[in-house]
Amino acid sequence: MKIATYNVNGITSRLPRLLEWLEEARPDIACLQELKTSDETFPGAAIEAAGYRAIWHGQKGFNGVAVLVRGGEVTERRRGLPGDPDDTHSRYLEAAAHGVVVASIYLPNGNPQPGPKFDYKLKWFERLIEHAATLVGSDQPVLLVGDYNVVPTDSVEDIYSPASWRRDALLQPESREAWRRLVGQGWTDALHRLHDGTPTYTFWDYFRNRFARDAGLRIDHLLLNAPAAARLSAAGVDRTVRGRDKPSDHAPTWALLD
DNA sequence: ATGCCTGTCTGGGACAGA
């Protein structure tokens, strides 16, 4: 079973790229982020015509997450994280499908830092950590996948060069400490676990020729609890999708469970 | 040193993204 995450950076303009990738990669479950569209304008008919059932949590102009499932039912378990009823951002959608629990996560970017946006990022991260603690011990496979907006380390596995990103919210010690605390609950970072020595970037900025130079960051992650990790057989990044016409700045990232 | 591109909403320019 293939489970993928893809920050589409606007599903309306990205629909051709998305449909093309779904057809090629045929993920059984695909979690999307940055829909940038409302619930009413989500292209549900096109997704269904491509062979996927879907649930989504949209927001006009910003954010927005979805879970797409091929060849089975999808049941919504949770829409939004607990812990702040005043949070209006669409950033968390949790579902059950194909015998696993999966969450599509769009963690706040947090720039500029310091500032209120960075504070929001850290608070949202704490809410995720609290909720994840209730899932990690499940006997059922659980996968928390999405755009975490955290570069875990300065390693070349995670970033081409940390120097110019040093003050960015994605590399801050507070962001990385929260990431380590989350993973430390007992989650397996699938891409890192199966890292073969080559960089596993998932994002390349649109400007400065960053993709052609492979000047990327690893910020899209798949976290697996123990029952899911026991079945993990492969993981990767569909980099060619990033090199196509009118791409998202992220590439689809996936894991295979036996 | 710097949103240098891109998408969205809108109707031209601001805002957000990372």
Side-chain angles (χ1 to χ4, degrees), chain A residues 5-19 21 32-43 46 56-66 87-92 104-122 124-125 128 145-155 157-176 178-179 191 199-221 237 239 241-253:
Chain A
T5 178
Y6 184 20
N7 178 322
V8 294
N9 190 16
I11 195 167
T12 305
S13 59
R14 206 68 57 222
L15 193 57
R17 288 287 83 79
L18 173 64
L19 295 175
W21 168 73
L32 309 181
Q33 302 86 35
E34 274 208 90
L35 303 177
K36 293 188 172 182
T37 200
S38 63
D39 282 340
E40 294 74 24
T41 48
F42 181 87
W56 58 89
H57 189 197
Q59 184 175 343
K60 189 177 184 179
F62 309 103
N63 307 319
V65 285
D87 186 1
T88 57
H89 293 204
S90 300
R91 297 182 176 276
Y92 186 91
S104 182
I105 291 169
Y106 180 43
L107 205 132
N109 169 292
N111 280 307
Q113 76 78 34
K117 291 190 174 182
F118 191 59
D119 296 340
Y120 174 66
K121 175 179 194 156
L122 297 180
W124 201 94
F125 220 142
L128 177 61
V145 311
D147 178 0
Y148 279 80
N149 274 315
V150 176
V151 176
T153 72
D154 282 352
S155 149
E157 175 192 353
D158 293 341
I159 185 168
Y160 66 104
S161 166
S164 58
W165 294 84
R166 188 55 71 199
R167 294 199 307 274
D168 194 282
L170 279 60
L171 275 71
Q172 290 315 296
E174 296 94 331
S175 307
R176 287 173 162 176
W179 165 258
L191 218 50
T200 48
Y201 306 144
T202 67
F203 163 87
W204 299 260
D205 243 326
Y206 285 123
F207 51 89
R208 285 184 166 168
N209 212 20
R210 286 262 168 85
F211 183 63
R213 293 165 44 216
D214 196 20
L217 312 180
R218 189 170 78 94
I219 55 176
D220 300 273
H221 306 300
V237 182
R239 298 171 56 108
V241 175
R242 176 63 180 82
R244 289 175 178 163
D245 188 47
K246 289 282 187 182
S248 169
D249 39 7
H250 297 250
T253 305

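Throughout, a chain's letter reflects where its sequence line sits, starting with A, and its residues are numbered from 1.
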Subject >> side-chain hydrogen bond (donor to acceptor under 3.5 Å, both in side chains) against A:N149, all qualifying residues, sequence neighbours excluded >> reply: none
Original post:
A:Y148 near the nucleic acid: base, sugar-phosphate alone, or nothing, with a heavy-atom cut-off under 4.0 Å?
Top reply: nothing
Original post:
Base, sugar-phosphate alone, or nothing: which one does A:K117 contact when heavy atoms must sit under 4.0 Å apart?
Top reply: sugar-phosphate
Subject >> 5′-ward residue of the pair A:S38/A:E34 relative to DNA chain B >> reply: A:S38
Original post:
If you measure from the P atom in B:dA14 to the same atom in B:dA1, how many Å do you get, rounded?
Top reply: 26 Å
Subject >> Nucleotide paired to B:dG17 in any strand shown, Watson-Crick or G-U, under 3.5 Å >> reply: B:dC5
Subject >> Between B:dG17 (P) and A:W165 (CH2): distance, integer Å >> reply: 14 Å
Original post:
Taking only residues two or more places apart in sequence or in another chain, which ones pass salt bridge (charged side-chain N to carboxylate O under 4.0 Å, His left out) with A:D205?
Top reply: A:R210
Original post:
What nucleic acid atoms does A:N209 come within less than 4.0 Å of, heavy atoms only: base, sugar-phosphate, or nothing?
Top reply: nothing
Original post:
When the distance from CG of A:N63 to C1' of B:dC9 is rounded to whole Å, what number comes out?
Top reply: 15 Å
Original post:
For atom CZ of A:R244, is the number of surrounding heavy atoms from other residues, nucleotides or ligands below 6.0 Å larger than 12?
Top reply: yes
Subject >> salt bridge (charged side-chain N to carboxylate O under 4.0 Å, His left out) involving A:D87 - partner list, sequence neighbours excluded >> reply: A:R127
Polar atom pairs (N or O), protein with nucleotides 3-7 of chain B, under 3.5 Å:
unit_1, atom_1, unit_2, atom_2, d
B:dG3, N2, A:D205, OD1, 2.6
B:dC4, O2, A:R208, NE, 3.0
B:dC4, N3, A:R208, NE, 2.4
B:dC4, N3, A:R208, NH2, 3.0
B:dC4, N4, A:R208, NH1, 3.3
B:dC4, N4, A:R208, NH2, 2.9
B:dG7, OP1, A:R14, NH1, 3.3
B:dG7, O3', A:S13, OG, 3.4

**OP:** Tell me, please, which residues at least two apart from A:R17 pass salt bridge (charged side-chain N to carboxylate O under 4.0 Å, His left out).
**Re:** A:E20
Original post:
Got a sec, which residues hit side-chain hydrogen bond (donor to acceptor under 3.5 Å, both in side chains) with A:S164, two or more places apart in sequence or on another chain?
Top reply: none
Subject >> Gap between atoms CG and C1', on A:L35 and B:dG17 respectively (whole Å) >> reply: 15 Å
Original post:
Between the side chain of A:S175 and the main-chain N/O of A:A169, is any donor-acceptor distance below 3.5 Å?
Top reply: yes
**OP:** To the nearest Å, give me how far apart NE2 (A:H250) and C1' (B:dA16) are.
**Re:** 12 Å
Original post:
How far does the C1' atom of B:dG3 sit from the matching atom of B:dT8, given to the nearest Å?
Top reply: 16 Å
